[in-house]
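Bear in mind the structure is a predicted one, so any value in this text is a computation, not a measurement.
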Amino acid sequence: MTVTAIRKFSRQRELIYNQVKDYPVHPTAEEVYTVLKKDHPTLSMGTVYRNLNLLSEMGMLRKIHIDNSPERFDARTDSHCHLLCGQCGRVFDIEGVLPEGIENRVFERHGHLVTETALNFKGICRNCAEDK
């Protein structure tokens with residue numbers, strides 16, 4: 001969906017989408033709410049949850065599920081990996097780990113049609129590792 005289509009959304013939905021898009025380490029719903037609430041005092045946590053889920057269903061956001069961690073949201077919907085830092089709790093994009101065309105190879109070799117690829121790593125991010 002394009003930015004033009006977003007303009008048809010409510011102002012709150014656009015704010016929520018842009019907050020996720022502009023947040024560098026994939027926010028939780030609570031982080032989106034906390035940041036936006038400062039300038040938009042009428043915004044409710046329920047509105048944030050509903051809109052994040054709707055934007056995910058529409059394919060504009062991707063939900064990131066990592067065990068024992070709050071669900072996070074990513075405006076990048078292409079296939080890529082993530083790293084959850086066990087020290088600071090932030091989630092980072094990891095580029096170039098998935099082999100190019102992996103979805104096609106799964107289909108060619110096994111007959112399964114891959115519609116989404118998600119690979120998550122747990123570890124320590126560069127900043128936290130340098131602080132040790």
Side-chain angles (χ1 to χ4, degrees):
M1 190 158 277
T2 64
V3 175
T4 306
I6 294 172
R7 290 191 181 122
K8 295 178 184 176
F9 291 164
S10 69
R11 178 74 179 133
Q12 288 180 328
R13 187 166 304 142
E14 186 176 358
L15 286 168
I16 291 165
Y17 174 77
N18 286 330
Q19 182 61 35
V20 173
K21 185 175 63 96
D22 297 337
Y23 199 85
V25 289
H26 313 318
T28 63
E30 187 172 321
E31 289 169 335
V32 171
Y33 172 75
T34 300
V35 170
L36 292 177
K37 184 73 172 171
K38 294 173 190 170
D39 294 328
H40 307 279
T42 60
L43 183 69
S44 73
M45 189 67 181
T47 297
V48 171
Y49 274 116
R50 277 191 304 281
N51 281 284
L52 288 171
N53 286 318
L54 179 62
L55 289 163
S56 295
E57 289 169 13
M58 295 172 69
M60 294 181 67
L61 295 179
R62 183 180 196 180
K63 287 183 185 181
I64 302 171
H65 305 280
I66 300 176
D67 294 342
N68 303 318
S69 178
E71 196 166 65
R72 293 178 174 271
F73 296 87
D74 189 353
R76 277 191 57 194
T77 58
D78 61 314
S79 292
H80 63 284
C81 304
H82 295 101
L83 173 107
L84 170 65
C85 179
Q87 298 263 301
C88 66
R90 296 184 295 170
V91 175
F92 300 87
D93 288 334
I94 301 295
E95 302 295 337
V97 176
L98 290 176
E100 189 71 31
I102 192 169
E103 294 89 352
N104 291 334
R105 281 192 295 244
V106 170
F107 182 75
E108 290 167 1
R109 293 181 185 172
H110 304 281
H112 304 300
L113 181 60
V114 176
T115 58
E116 183 178 331
T117 304
L119 178 60
N120 299 318
F121 297 96
K122 291 182 182 179
I124 299 173
C125 72
R126 182 181 324 164
N127 292 337
C128 290
E130 289 173 357
D131 290 342
K132 284 189 164 201

Could you give the distance from [atom1] ([X]) to [atom2] ([Y]), rounded to the nearest 0.5 Å?
{"X": "Ser10", "Y": "Ile16", "atom1": "OG", "atom2": "CD1", "result": "7.0 Å"}
{"X": "Cys81", "Y": "Glu95", "atom1": "SG", "atom2": "CD", "result": "8.5 Å"}
{"X": "Asn18", "Y": "Lys21", "atom1": "CG", "atom2": "NZ", "result": "5.0 Å"}

For residues 47-66, dump all side-chain donor-acceptor pairs below 3.5 Å to protein atoms at least two apart in sequence or in another chain.
from: Thr47; atom 1: OG1; to: Ser44; atom 2: OG; distance (Å): 2.9
from: Thr47; atom 1: OG1; to: Arg50; atom 2: NH2; distance (Å): 3.3
from: Arg50; atom 1: NH1; to: Gly46; atom 2: O; distance (Å): 3.4
from: Asn51; atom 1: OD1; to: Arg13; atom 2: NE; distance (Å): 2.4
from: Asn51; atom 1: OD1; to: Arg13; atom 2: NH2; distance (Å): 3.2
from: Asn51; atom 1: ND2; to: Thr47; atom 2: O; distance (Å): 2.8
from: Asn53; atom 1: OD1; to: Lys63; atom 2: NZ; distance (Å): 2.7
from: Asn53; atom 1: ND2; to: Tyr49; atom 2: O; distance (Å): 3.1
from: Ser56; atom 1: OG; to: Leu52; atom 2: O; distance (Å): 2.9
from: Arg62; atom 1: NH1; to: Asp78; atom 2: O; distance (Å): 2.8
from: Arg62; atom 1: NH2; to: Thr117; atom 2: O; distance (Å): 2.1
from: His65; atom 1: ND1; to: Glu71; atom 2: OE2; distance (Å): 3.0

With sequence neighbours excluded, give me every ring pair (Phe, Tyr, Trp, His ring centres under 6.0 Å) pair touching residues 26-47.
-> His26-His82
Decide whether Tyr17 and Val32 are clustered together by the hydrophobic rule: side chain heavy atoms of Ile, Leu, Val, Met, Phe, Trp, Tyr closer than 4.5 Å, transitively.
-> yes
Can you list every salt bridge (charged side-chain N to carboxylate O under 4.0 Å, His left out) pair that touches residues 85-94, not counting sequence neighbours?
-> Arg76-Asp93
Expected output: side-chain Lys37 to main-chain Leu43 donor-acceptor under 3.5 Å | yes
Donor-acceptor contact present, side-chain Glu130 to main-chain Asn127, <3.5 Å | no
What residues join Ile94 in its hydrophobic cluster, counting side-chain heavy atom gaps under 4.5 Å, either direct or through other members?
-> Tyr23, Val25, Leu83, Phe92, Val97, Leu98, Leu119, Phe121
How would you list, by chain and number, every residue that makes a salt bridge (Lys or Arg N to Asp or Glu O under 4.0 Å) with Glu103, sequence neighbours excluded?
-> none
Which atom names give the shortest non-hydrogen contact between Cys128 and Gln87, and what distance separates them?
-> SG-CB, 3.5 Å
Shortest non-hydrogen contact from Cys125 to Cys88?
-> SG-SG, 3.9 Å
Identify all side-chain donor-acceptor contacts of residues 104-116 below 3.5 Å with residues at least two apart in sequence or on another chain.
from: Arg105; atom 1: NH2; to: Glu100; atom 2: O; distance (Å): 3.2

